[in-house]
Amino acid sequence: MPKVTLPNKSIIEAEASAPAIEVAKKISRSLAEDALAVKINGKISDLNTPITSDCELQFLTFDDPEGKEVYWHSSSHLMAHAIQALHPEAKFGVGPAIEDGFYYDIDIDKTLTPADLEAIEKKMHEISDQNASFERKVVKKEDALKFFSAKKDPYKVEIISALDETITVYSEGDFTDLCRGPHVPSAGKLKYFKLLGTSGAYWRGDSKNKMLQRVYGVSFPKKKMLEEHLKMLEEAKLRDHRKLGRELELFVFHDIAPGAPFWLPKGMIIFRELEKFIREELDRLNYDEISTPMLVKKDLWEQSGHWGHYQENMFILKVEEDIYSLKPMNCPESTYVYRHKVRSYRDLPLRYSEIGRLHRNEISGALGGMFRVRQITMDDAHIYCRPDQILPEINDLIGLVRRVYGLFNFEVSFKLSTKPEGAMGDPKLWEEAEKSLRQALENNGIKYGVKEKDGAFYGPKIDIQIKDALGREWQVATIQLDFVMLPERFDLTYIDADGQAKRPVAIHRAIFGSFERFVGILTEHFAGAFPAWLSPVQTAVLPITDSFNDYAKSVVDALKTGKIRAELDDRNEKVGYKIREWETKKVPYMLIVGQKEKDSGTVSVRKHHEGDKGSVSLSEFVERIKKEITEKK
RNA sequence: GCUGAAGUAGCUCAGCGGUAGAGCAGCGGUUUCGUAAACCGCAGGUCGUGGGUUCAAAUCCCACCUUCAGCUCCA
């Protein structure tokens, strides 16, 4: 009898050749119920895979990322099944699980409408109710080709023709699809789903190929999970920074400048606070701020290599007889600052920060609100150091990243990208650098993912992702080592202790990434209700009737003296009306003043979203909010 | 750039061949009010831009611009 080792190291004996699900049943009924697939010695397989020898087993449920993937992948089959039932002429492309659900690419003449999606959804429920099991079958290549040719599925035939490995198909009821698997045991496991929309997608992602219709969906084993997910999508729509940006008067877009925002006064306050904050941090960490030209001759880009590889993203213009470009990156120009005099090993590290405005000619279809703009304000920096200084520098950068993102309550995760094929630079330096990056991460007690061979050709990097209040992930900061692009191409040197000229290492890094994108992310993360230190208006003062305007004015003056951004609302409106307005503007505090407050020198405090907080003396309120602002709470 | 959808007042939207409409916001007045919308009135649009069809176009057709959902790209 095979011995099965479970993740908690306990060992269970399984019946010889019994399906894996039987082991789950031995462990607990709920596990057997929730299990979607199983990992046998690390390989994900169907639950009915027979256990023939000693092995390690791990059952996957919807709580495991891999379990979700199986669930969504099976859901995509179910959807294809339903589409085939309703539209027998449809030809199928691929239908994988994605980060947040699944899709299937289909070739069909009719443009699918929301009503079609509803019908497909209904059909999916019918098929799920029949609860047919997913049957795996290994087939010969020629049989597979014959089958899918007969089924008139040219895309499947194309895929099979390119396959060398064992070909498997999965059948579920009367629907058979080419698939590596694994799948959930039966269609009945797939219960709650929603088709979210369609879009065009080229066959194999190549614009030379025919465009197929991609149908997106999402599914869950529990009704509540689906409901929560749909609610989250609704919430995301409400928080859309394009909508909030306009409503809160932060920024607007205009046809006259596609891909570039007009920052409104209130938005600019947020921008400036962020700038002030990051500058304070960098001063503390001994950075030197520089500013380099926005318009430079193309010679620079030829030297850096951008002219050959990045030209299509650059705005290029002719000035007199020369070709110029708006800079799409700061890095090459920072070398001019480094090179303006001879550098000693004692000078290093040199940390040059630059809040530079960059222009990148993103293709029109890629633009989207603040998230993808053509004009980018980047909190950039280039650190030039000796190889032995990599570790402490990376260490500081990780600390900075954590401090900055912790402040906004983002959950931060790190990914290390290692040496790719065709990398340039000294292999020994690569090895040491990767070691330094790993060590810096480990010293900070960080669990990090590794993207093998995903570094740039000029050095390894750490990408930093944050998770916002809705659980959405954003790639923001990046820490990128560079042995080649700046040091070699711009012939950077320093004189070492032995009198020899040596190459420094450059570290490219950004924390916010771009102010535009980051303000967009913050707006959605906070749903427009910024913490006091960022809030464009920190306190609104609301006199109950105009006979208290004078007192209210004195309150505003006191706040302004305390450097608090305060506004007086002395409009001839009822206090309920004013409160409603300032609530919708998401101002952190309202101070309501009437006879009582005037007599006692107090203010009635109302906090955004929380309501009436009672009265305190004006001076106490000033102290409290000042503290909140200073501590960036 | 590609596919699809959309662009009407500052905002949200109705109208879809017969002289442009509502609510909110704005402005003027009345009201002087205690924690999420007082009342009355006024003003505001070459219906994204340019062509075309028609006696007549916001409405039908074509092109372009912009936006959105994706695809693609992200040295």
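As the structure is a computational prediction, the values presented were derived from the model and not from experiment. Below, each value reflects all heavy atoms present in this structure, side chains not excepted, and no hydrogens, waters or symmetry copies. Chain A is the first sequence line, chain B the second, and so forth, proteins listed ahead of strands; every chain is numbered from 1.
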Next on the checklist: Mind checking if A:F253 touches a base, just sugar-phosphate, or nothing, with heavy atoms under 4.0 Å?
Outcome noted: nothing
Checklist entry - If you look at every strand shown and take non-hydrogen atoms under 4.0 Å, does A:R606 touch a base, only sugar-phosphate, or nothing? => result base
Next on the checklist: What residues from residues 473-481 of chain A pass a heavy-atom cutoff of under 4.0 Å to RNA chain B?
Outcome noted: none
Heteroatom pairs (N/O) under 3.5 angstrom, protein to nucleotides 45-50 of chain B:
none

Checklist entry - How would you label the contact of A:R360 with the nucleic acid (heavy atoms, under 4.0 Å): base, sugar-phosphate, or nothing? => result nothing
Item to check | Any residue meeting side-chain contact (heavy atoms from CB on, under 4.5 Å) with A:R204, in chain and number order, not counting sequence neighbours | outcome: A:E158, A:I159, A:N209
Next on the checklist: Suppose the criterion is ring pair (Phe, Tyr, Trp, His ring centres under 6.0 Å): which pairs have a residue in residues 94-115 of chain A, not counting sequence neighbours?
Outcome noted: A:F92-A:Y104, A:Y103-A:Y216
Enumerate all atom pairs, one protein N or O and one N or O from nucleotides 23-26 of chain B, separated by less than 3.5 Å.
unit_1: B:A25; atom_1: OP1; unit_2: A:Y577; atom_2: OH; d: 2.8

Next on the checklist: Distance to the ring centre below 6.0 angstrom and angle to the axis at most 45 degrees; does that hold for A:K585 and A:W582?
Outcome noted: yes
Next on the checklist: Should the side chain of A:E249 and the base of B:G10 be counted as holding a donor-acceptor pair, with the cut-off at 3.5 Å?
Outcome noted: no
Checklist entry - Is it the case that A:E583 and A:H608 place a side-chain donor and acceptor less than 3.5 Å from each other? => result yes
Item to check | Residues that A:A506 engages under side-chain contact (heavy atoms from CB on, under 4.5 Å), provided they are two or more places apart | outcome: A:Y384, A:D482, A:L486, A:P487
Item to check | N-O pairing of A:R624 and A:E620 below 4.0 Å | outcome: yes
